[in-house]
Amino acid sequence: MPGMLEGQVAIITGAGRGIGAAAAKLFAEQGAKVVVSDLDAEPAEAVVAEIKAAGGEAIAVAGDVTNPDFPNELMKKTMDAFGKLNILVNNAGYTWDGMLHKMSDKQFQAMLDVHNVAPFRLIRAATPFMREAAKAEKGEGKDPEPRCIINVASTSGLFGNVGQINYSTAKSGILGMTKTVAKEWGAFGIRCNAVAFGLIETRLTQDAESGEKIAVAGEQVALGIPSHLKGMATMLIPLGRAGTPQDAAGAILLLASPYASYITGQCLNVTGGLSA
Ligand SMILES: NC(=O)c1ccc[n+]([C@@H]2O[C@H](COP(=O)([O-])OP(=O)(O)OC[C@H]3O[C@@H](n4cnc5c(N)ncnc54)[C@H](O)[C@@H]3O)[C@@H](O)[C@H]2O)c1
């Protein structure tokens, strides 16, 4: 049976781990050719190897989404490999928590850079392959190919979160970007939506006591949530559990699928029912 994304090409940033990796595998299962992009080459290559072993098509493109040259490089490698672009998932990200009164400018700016500036530059770099390609198809009297952008947001951006003034500001900002892209590019049939995740079990949300770090922006940034807070958060989730990366990937696929063909400018909350 053909998959829901048969014949489409998708770029997923931050696809070496967690939600992005699960989405890359699910998209490939559904017939998409996937560009698995991540800061870290090794996990990205491992996801590509898994996709290929399952009979899918994928390439890995390693690099930092906050590098101003990276978006054009990513687009070029996508075109060289697959010749077009249907879906862009802006998923790459991390947290750099701290209380407002102690937060440095660098720490605040880093979250805007990775969660706002990078998605903006990536969408802009996709212009020739999304907006202009759709315009040309319409000019030829054809129905444009399916094209969409999915931005990964967070409940921190919807409700705020203690210790995340930088992250919550940025994750809120991506919602404004999503709605504006939906309005500017809707005329070309290009949809743009966001997914706000609650608590999904990944490296980002593992117990802070494990000491996991991300090496980024010239810093070693501690990741994770103190285990007592995680336990409390889980108790507040109506479905009674944190989400899995597969739960999260399913929501991204939903918005990329033909069943979402008339949905744009929206934010889908994927939280197990948590709503504050
Ligand atoms: N896990 C959650 O509970 C949760 C909740 C809400 C939102 N999110 C968002 O989901 C997205 C994915 O996070 P995850 O939970 O899968 O975390 P993760 O750490 O498992 O995966 C994130 C991936 O992004 C990559 N990445 C980080 N910074 C990058 C950069 N500058 N350039 C390129 N790649 C970069 C990392 O290398 C990593 O492989 C993030 O945007 C995160 O903010 C996660």
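Positions are given from 1 along the sequence.
Between the side chains of Thr271 and Asn269, not a single donor N or O lies within less than 3.5 Å of an accepting N or O. Gln164 and Asp97 share a donor-acceptor pair across their side chains, judged by distance under 3.5 Å alone. Counted by atom type alone, Ser210 and Gln206 present one or more donor-acceptor pairs between their side chains at under 3.5 Å.
Nearest heavy-atom pair across Ala118 and Val65 is CB-O, 3.4 Å. Contact detail for Thr169 and Ile165: the closest heavy-atom pair is OG1-O, 2.5 Å. Shown here for Ala153 and Leu175, the closest heavy-atom pair between the two residues is CB-CD2, 3.8 Å. A pairwise comparison of heavy atoms in Arg131 and Trp185 identifies CD-NE1, 3.4 Å as the closest pair. Of all heavy-atom pairs between Gly16 and Pro43, the closest is O-CB, 3.3 Å. When every heavy atom of Ala22 is checked against every heavy atom of Ala249, the shortest pair comes out as C-CB, 3.6 Å.
Between Asp143 and Glu137, every side-chain heavy-atom pair lies at or beyond the 4.5 Å cut-off. In this structure, Ile87 and Leu5 have side chains that are in contact, with non-hydrogen atoms separated by less than 4.5 Å. Inter-residue side-chain proximity for Val35 and Ile12 is flagged as unmet; no heavy-atom pair is nearer than 4.5 Å. Tyr167 places a side-chain heavy atom less than 4.5 Å from the side chain of Ser156. Put simply, the side chain of Thr155 does not reach to within 4.5 Å of the side chain of Lys171, judged on heavy atoms. Inter-residue side-chain proximity for Phe82 and Ile59 is flagged as met; some heavy-atom pair is nearer than 4.5 Å. Val216 places none of its side-chain heavy atoms less than 4.5 Å from the side chain of Trp96. Side chains of Ile237 and Leu199 form a contact here, defined as non-hydrogen atoms less than 4.5 Å apart.
A donor-acceptor distance shorter than 3.5 angstrom exists from the side chain of Asn166 to the backbone of Gln107, with no hydrogens or angles considered. The backbone N or O of Ile214 lies less than 3.5 Å from no partner atom in the side chain of Arg203, so there is not a single donor-acceptor pair. With Ser168 contributing its side chain and Asn161 its backbone, the two residues share no donor-acceptor pair below 3.5 Å. Under a 3.5 Å cut-off, the side chain of Gln30 and the backbone N or O of Met4 do form a donor-acceptor pair. In this structure, Thr13 contributes its side chain and Asn90 its backbone to no donor-acceptor pair below 3.5 Å. Not a single donor-acceptor pair under 3.5 Å links the side chain of Thr264 to the backbone N or O of Arg191. Judged by distance alone, with hydrogens and angles left aside, the side-chain atoms of Glu209 form a donor-acceptor pair with the main-chain N or O of Ser227 at under 3.5 Å. For Lys84 (side chain) and Gln8 (main-chain N/O), no donor-acceptor pair under 3.5 Å exists by modelled atom type. The closest donor-acceptor contact from the side chain of Asn193 to the backbone of Gln266 lies under 3.5 Å.
Between Lys179 and Glu184 there is no salt bridge, since none of the side-chain N atoms of the basic residue sits less than 4.0 Å from a carboxylate O of the acidic one. Ion pairing between a basic and an acidic side chain is recognised when a charged N comes within 4.0 Å of a carboxylate O; Glu57 and Lys52 show no such pairing. Between Arg17 and Asp40, at least one side-chain N (NZ, or NE/NH1/NH2) sits under 4.0 Å from a carboxylate O, which counts as a salt bridge. Ion pairing between a basic and an acidic side chain is recognised when a charged N comes within 4.0 Å of a carboxylate O; Lys77 and Glu73 show such pairing. Under 4.0 Å is where a charged nitrogen must lie from a carboxylate oxygen, and between Glu219 and Lys213 no such pair does.
The cluster map of Ile, Leu, Val, Met, Phe, Trp and Tyr, joined by side-chain heavy atoms under 4.5 Å apart, puts Val34 and Leu122 in different clusters. Note on Phe197: it does not cluster hydrophobically with Met111, by side-chain heavy-atom contacts below 4.5 Å among ILVMFWY residues.
Of the options Asn116, Thr178, Asn91, a side-chain hydrogen bond (donor to acceptor under 3.5 Å, both in side chains) to Asn151 is made by Thr178 and by none of the others. Each of Arg147, Glu145, Lys33 was compared with Asn86 under the side-chain hydrogen bond (donor to acceptor under 3.5 Å, both in side chains) criterion, and only Glu145 meets it.
Between the SG atom of Cys192 and the CD1 atom of Ile123 there is a distance of 5.0 Å, given to the nearest 0.5 Å. Note that the OG1 atom of Thr244 and the CG atom of Asp247 stand 3.0 Å from one another [nearest 0.5 Å]. Note that CD1 of Ile190 is 11.0 Å distant from NZ of Lys135, once rounded to the nearest 0.5 Å. Annotation: the span from Asp207 atom CG to His228 atom NE2 amounts to 11.0 Å, rounded to 0.5 Å. Separating the CD1 atom in Ile19 from the CD atom in Glu201 is a distance of 11.0 Å, to the nearest 0.5 Å. Atom CZ of Phe129 and atom NZ of Lys76 lie 10.0 Å apart (nearest 0.5 Å).
Atom CD of Glu42 has 12 or fewer neighbouring heavy atoms from other residues, nucleotides or ligands inside a 6.0 Å radius.
Using cut-offs of 30° and 60° for the angle between ring planes, the Tyr94 and His115 rings count as tilted.
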